[in-house]
Amino acid sequence: MRLTREFYERNTILVARDLLGKTLVYNDKGNIYKGRIVETEAYINAKDDGAHFNKGITDRTKIIDEAGGHIYIYTIYGMYLLFNIVAEKKGIHGAALIRAIEPIEGIDKMYENRYKKEFNNPPRKEIINLTNGPAKFVMAYGMTKSDYGLDLVTSEKIWVEDSPRLSLDKIVRSKRINIDYATMAKDYLLRFYIKDNPFVSKK
DNA sequence: CTGATGATGTTCT
DNA sequence: GAACATCATCAGA
């Protein structure tokens with residue numbers, strides 16, 4: 001069953017944590033991609049100088065103002081896309097960055113998207129490298145900037161399947177990655193990942 | 001295995 | 001004009 005609005009319209013940190021273990025489904029013109037979310041980060045509000053929308057809403061970040069469940073996808077370093085899920089009720093700002101996924105379905109297609117070559121008994125290392133980073137899984141799924149603003153609650157193209165909640169001893173909480181530009185919020189423990197999962201981007 | 005470096009262009013000042 | 005929620009590649013150990 002797909003997650004409903006109630007799931008996303010909660011506290012951003014809880015949304016980020018509870019997304020672990022859920023299945024992100026993407027239907028790109030009949031090609032089905034499924035993967036288990038294994039790593040997330042929360043970006044919160046005025047107290048978080050690591051968040052893009054910390055100093056107010058711009059063209060890039062305007063979707064953050066919408067209800068939880070919308071997609072915030074943006075370009076970074078000129079060449080990569082990062083995928084976020086908006087959290088909180090409309091008017092409250094927060095988002096969860098998906099940092100890594102474990103492939104479940106459509107692996108051969110993900111492989112072609114990432115490496116531009118045919119899937120033929122590849123080494124384990126190449127499989128891990130498909131989706132163990134925030135820009136990597138977006139490339140593997142074949143997402144584009146036109147997915148900006150889609151609604152995970154109603155879209156026919158993309159949604160998140162529910163699954164039993166993980167026990168808390170399987171979840172690790174740590175500092176976020178590569179936000180050295182932040183000062184006050186740099187050391188907030190807003191990153192979550194599944195313990196011992198090989199697709200997590202970093203220890 | 002680790003750490004350093006270049007790629008590349010949108011967004012914001 | 002600078003910064004940037006990253007990745008692939010290469011050098012060195």
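In what follows, chains carry the letters A, B, and so on, assigned in the order in which the sequence lines appear, proteins first and then strands, with residues in each chain numbered from 1.
Residues meeting the ring pair (Phe, Tyr, Trp, His ring centres under 6.0 Å) test with Tyr111(A), sequence neighbours left out: Tyr115(A), Phe119(A). A search for side-chain contact (heavy atoms from CB on, under 4.5 Å) contacts involving Ile171(A) returns Arg17(A), Leu20(A), Leu166(A), Leu168(A), Phe192(A), not counting sequence neighbours. With sequence neighbours left out, Tyr33(A) forms a ring pair (Phe, Tyr, Trp, His ring centres under 6.0 Å) with Tyr141(A).
Of the possible donor and acceptor atoms, one in the side chain of Asp147(A) sits under 3.5 Å from a partner among the backbone N and O of Thr144(A). Judged by distance alone, the side chain of Thr61(A) and the main-chain N or O of Thr58(A) form a donor-acceptor pair under 3.5 Å.
Interface limits on DNA chain B: the 5'-most and 3'-most nucleotides within less than 4.0 Å of chain A heavy atoms are dA7(B) to dC12(B).
Salt-bridge annotation for Lys109(A) and Asp28(A): absent, with no side-chain N of the basic residue lying under 4.0 Å from a carboxylate O of the acidic one. A salt bridge links Asp162(A) to Lys22(A): one of the charged nitrogens lies within less than 4.0 Å of a carboxylate oxygen.
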- Item | Footprint string (nucleotides 6-13 of chain C, 5' to 3'): B base within contact, S backbone only, - free, heavy atoms under 4.0 Å | BBS-----
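The stretch residues 31-42 of chain A participates, sequence neighbours left out, in these salt bridge (Lys or Arg N to Asp or Glu O under 4.0 Å) pairs: Lys34(A)-Glu105(A), Arg36(A)-Glu102(A), Glu39(A)-Arg99(A), Glu39(A)-Arg191(A), Glu41(A)-Arg99(A). For residues 151-189 of chain A, no pair satisfies ring pair (Phe, Tyr, Trp, His ring centres under 6.0 Å), with sequence neighbours left out. Evaluation of the salt bridge (Lys or Arg N to Asp or Glu O under 4.0 Å) test over residues 118-145 of chain A, restricted to residues two or more places apart or in two chains, returns Lys117(A)-Glu126(A).
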Show me the donor-acceptor pairs within less than 3.5 Å that the side chains of residues 66-81 of chain A make with the rest of the protein, sequence neighbours left out.
residue  : atom : partner  : partner atom : Å
Glu66(A) : OE2  : Lys90(A) : NZ           : 3.1
His70(A) : ND1  : Ala67(A) : O            : 2.8
Tyr72(A) : OH   : His52(A) : ND1          : 2.8

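Listed in residue order, the members of residues 49-64 of chain A having a heavy atom less than 4.0 Å from DNA chain C are Gly50(A), His52(A). Proximity of residues 9-23 of chain A to DNA chain B (heavy atom under 4.0 angstrom from any strand atom) is not detected for any residue.
No more than 12 heavy atoms of other residues, nucleotides or ligands lie within 6.0 Å of CZ in Arg165(A), so this atom counts as exposed by the packing criterion. Other residues, nucleotides and ligands contribute at most 12 non-hydrogen atoms within 6.0 Å of the NZ atom of Lys170(A).
In this structure, Arg5(A) forms no cation-pi arrangement with Tyr8(A), as its terminal cationic atom is not both closer than 6.0 Å to the ring centre and no more than 45° off the ring axis.
For the strand DNA chain C, secondary-structure stems (runs of at least three Watson-Crick or G-U pairs, all distances below 3.5 Å) span B:1-7 with C:6-12, B:9-12 with C:1-4.
Residues Ile158(A) and Met143(A) form a side-chain contact, since some pair of their non-hydrogen atoms from C-beta on lies under 4.5 Å apart.
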